[in-house]
Protein chains: 2
Amino acid sequence: MNVTAPALEGTALEAWRSYLQSHAAIVRELDADLHHAHAMTTRDYEVLLYLAQAEERRMAMSVLSERTMLTRSGITRLIDGLVAEGLVERVSCPKDARISYAQLTDSGHAKLVSAGVTHVAGIERLFLTHFSPEELDQLAQLLGRLPGALPETGGCTAAAEACAVSGPAGADGTCSVSE
Amino acid sequence: MNVTAPALEGTALEAWRSYLQSHAAIVRELDADLHHAHAMTTRDYEVLLYLAQAEERRMAMSVLSERTMLTRSGITRLIDGLVAEGLVERVSCPKDARISYAQLTDSGHAKLVSAGVTHVAGIERLFLTHFSPEELDQLAQLLGRLPGALPETGGCTAAAEACAVSGPAGADGTCSVSE
DNA sequence: CAATTCTAGTTGACCGGTCAACCGCCCCGG
DNA sequence: CCGGGGCGGTTGACCGGTCAACTAGAATTG
């Protein structure tokens with residue numbers, strides 16, 4: 001008996017396996033870096049970055065939950081943590097009393113900035129340095145076809161777009177955070 | 001203030017972001033498939049596959065924990081679950097009473113086989129179909145350089161090697177399970 | 001052989017996340 | 001204007017995993 005579809009033999013699988021394994025290893029390491037250097041989770045970093053990029057540095061919980069691909073309760077709890085550390089505040093919306101915003105504090109912003117340095121360095125070291133610029137283009141072009149990847153914005157104009165931080169689940173942006 | 005290292009602008013990031021996002025989306029979907037069709041976790045699938053490929057269809061807990069990149073306690077609990085479902089049995093080692101093996105039962109094997117069909121189909125659908133054979137080679141070649149990926153076995157001989165199922169954390173093999 | 005030390009596995013406490021139930025508030029139709 | 005339904009957010013119960021402490025059995029050494 002054989003579980004393998006006939007098509008799945010030889011090198012096709014190698015791409016898949018490298019894809020999986022490298023991802024696991026890289027993400028693990030990035031997490032460890034961030035945790036070690038800033039006592040912070042990749043998730044934390046991600047939402048801090050989202051907030052920093054947002055209008056007024058605040059976002060409604062549910063918007064945040066969509067972006068991060070966490071459930072609403074998940075985001076509630078994550079923000080609870082950030083609030084406890086003073087990196088974020090909850091502010092309520094005058095227009096709609098149901099909404100509560102998570103707003104980046106100054107200390108949250110500062111922490112994001114310093115964490116960003118190590119995080120970006122990690123991406124550089126673990127991913128980018130392994131390829132030439134042409135190869136990175138190639139990769140972007142190939143991986144862009146996969147489900148979930150942005151459909152390869154051929155010459156996207158605004159930094160805003162290019163910056164749109166990571167995406168579903170455990171992504172991490174690497175964008176400018178201006179001030 | 002700017003978090004981004006100067007080098008990290010433009011398209012370089014696109015490769016990284018597609019890499020992250022596609023992985024999240026694909027893995028999520030694969031998980032959902034497996035869960036929906038077989039009420040089983042990708043982790044479960046992974047260890048069942050390891051067991052199926054192992055000598056005598058059994059492995060010591062700690063070996064299993066290395067392979068799956070779970071902690072020993074994690075593997076204990078995971079196996080607890082599989083035992084409860086009757087997919088695996090614990091058998092003790094006559095030579096060394098400290099060791100206990102997890103051994104695949106017939107029903108576990110059957111379940112693996114049927115789950116394998118849907119899982120492999122998922123990989124096909126979500127990953128492989130997006131590329132031509134040449135592109136898959138390219139990808140394998142590029143991704144193979146990343147940390148954690150096997151170093152591109154140029155013409156690896158044995159199926160055994162090619163089959164060495166996924167790797168660290170949440171990998172999933174796609175190999176033959178013969179009997 | 002006894003004492004030490006190392007290894008395999010399990011267990012308890014906890015953590016980060018989900019799911020489902022819930023509360024409070026908006027909004028829309030009588 | 002008020003009653004019901006839908007939406008935003010939080011909360012409780014649980015789950016899958018880690019870490020640290022522990023137990024039992026090997027191995028090593030004097």
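All values below come from the heavy atoms of this structure, side chains included, with hydrogens, waters and symmetry mates left out. Residue numbers begin at 1 in each chain, while the letters A, B, ... track the order of the sequences.
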Taking side chain as C-beta onward, heavy atoms only, is [X] less than 4.5 Å from [Y]?
X	Y	value
A/Leu48	A/His109	no
B/Trp16	A/Ile26	yes
A/Val47	A/Val88	no
B/Asp44	B/His35	no

With hydrogens left out and only the distance checked, is there a donor-acceptor pair under 3.5 Å joining [X]'s side chain and the base of [N]?
X	N	value
A/Ser73	C/dC19	yes
A/Arg77	C/dT18	yes
A/Arg72	D/dT11	no

Specify the separation, in whole Å, of atom [atom1] of [X] and atom [atom2] of [N].
X	N	atom1	atom2	answer
B/Asp44	D/dC15	CG	C1'	13 Å
B/Met61	D/dT23	CE	P	20 Å
B/His35	C/dT18	NE2	C1'	11 Å
B/Leu82	D/dC15	CG	P	15 Å
B/Met59	C/dA8	CE	P	14 Å
A/Met69	C/dG17	CE	C1'	14 Å
B/Glu46	D/dG16	CD	C1'	14 Å
A/Ile79	C/dG16	CD1	C1'	14 Å

I'd like a table of atom pairs between the protein and nucleotides 2-4 of chain C - only N or O on both sides, under 3.5 Å - with the distance next to each one.
none

Hey, can you pull the donor-acceptor pairs under 3.5 Å for the side chains in residues 90-99 of chain A, sequence neighbours left out?
unit_1: A/Arg90; atom_1: NH1; unit_2: A/Asp80; atom_2: OD1; d: 3.1
unit_1: A/Arg90; atom_1: NH2; unit_2: A/Thr76; atom_2: O; d: 3.3
unit_1: A/Arg90; atom_1: NH2; unit_2: A/Asp80; atom_2: OD1; d: 2.8
unit_1: A/Asp96; atom_1: OD1; unit_2: A/Arg98; atom_2: N; d: 2.9
unit_1: A/Asp96; atom_1: OD1; unit_2: A/Arg98; atom_2: NE; d: 3.1
unit_1: A/Asp96; atom_1: OD2; unit_2: A/Arg98; atom_2: NE; d: 3.4
unit_1: A/Asp96; atom_1: OD2; unit_2: A/Arg98; atom_2: NH2; d: 2.8

Residues in contact with DNA chain D, drawn from residues 94-102 of chain A - heavy-atom cutoff 4.0 Å
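Those residues whose heavy atoms fall under 4.0 Å from DNA chain D, taken from residues 94-102 of chain A in numerical order, are A/Arg98, A/Ile99, A/Ser100.
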Do the ring planes of B/Phe127 and A/Tyr19 sit parallel (below 30°), tilted (30 to 60°) or perpendicular (above 60°)?
tilted
What contact category does B/Thr76 fall into here, base, sugar-phosphate, or nothing, at under 4.0 angstrom with non-hydrogen atoms?
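B/Thr76: base contact, heavy atoms under 4.0 Å.
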Would you indicate what A/Leu70 reaches in the nucleic acid, counting non-hydrogen atoms under 4.0 angstrom: base, sugar-phosphate, or nothing?
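Contact class for A/Leu70: sugar-phosphate only.
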Give me the one residue out of A/Arg28, A/His38, A/Arg125 that meets side-chain hydrogen bond (donor to acceptor under 3.5 Å, both in side chains) with A/Asp33.
A/Arg125
Side-chain N or O of A/Ser62 versus OP1/OP2 of D/dC7: is the shortest distance under 4.0 Å?
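False: A/Ser62 side-chain N/O out of range (4.0 Å or more) of D/dC7 OP1/OP2.
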Ignoring backbone atoms, test whether B/Arg90 places a side-chain nitrogen or oxygen under 4.0 Å from the OP1 or OP2 oxygen of C/dG9.
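False: B/Arg90 side-chain N/O out of range (4.0 Å or more) of C/dG9 OP1/OP2.
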Applying the side-chain contact (heavy atoms from CB on, under 4.5 Å) test to A/His119, which of A/Leu49, A/Leu30, A/Leu112 qualifies?
A/Leu30
Per side-chain contact (heavy atoms from CB on, under 4.5 Å), A/Lys111 is matched among A/Asp106, A/Leu82, A/Leu87 by A/Leu87
Under 4.5 Å between side-chain heavy atoms, hopping through other hydrophobics if needed: is there a path connecting B/Leu104 to B/Tyr101?
no
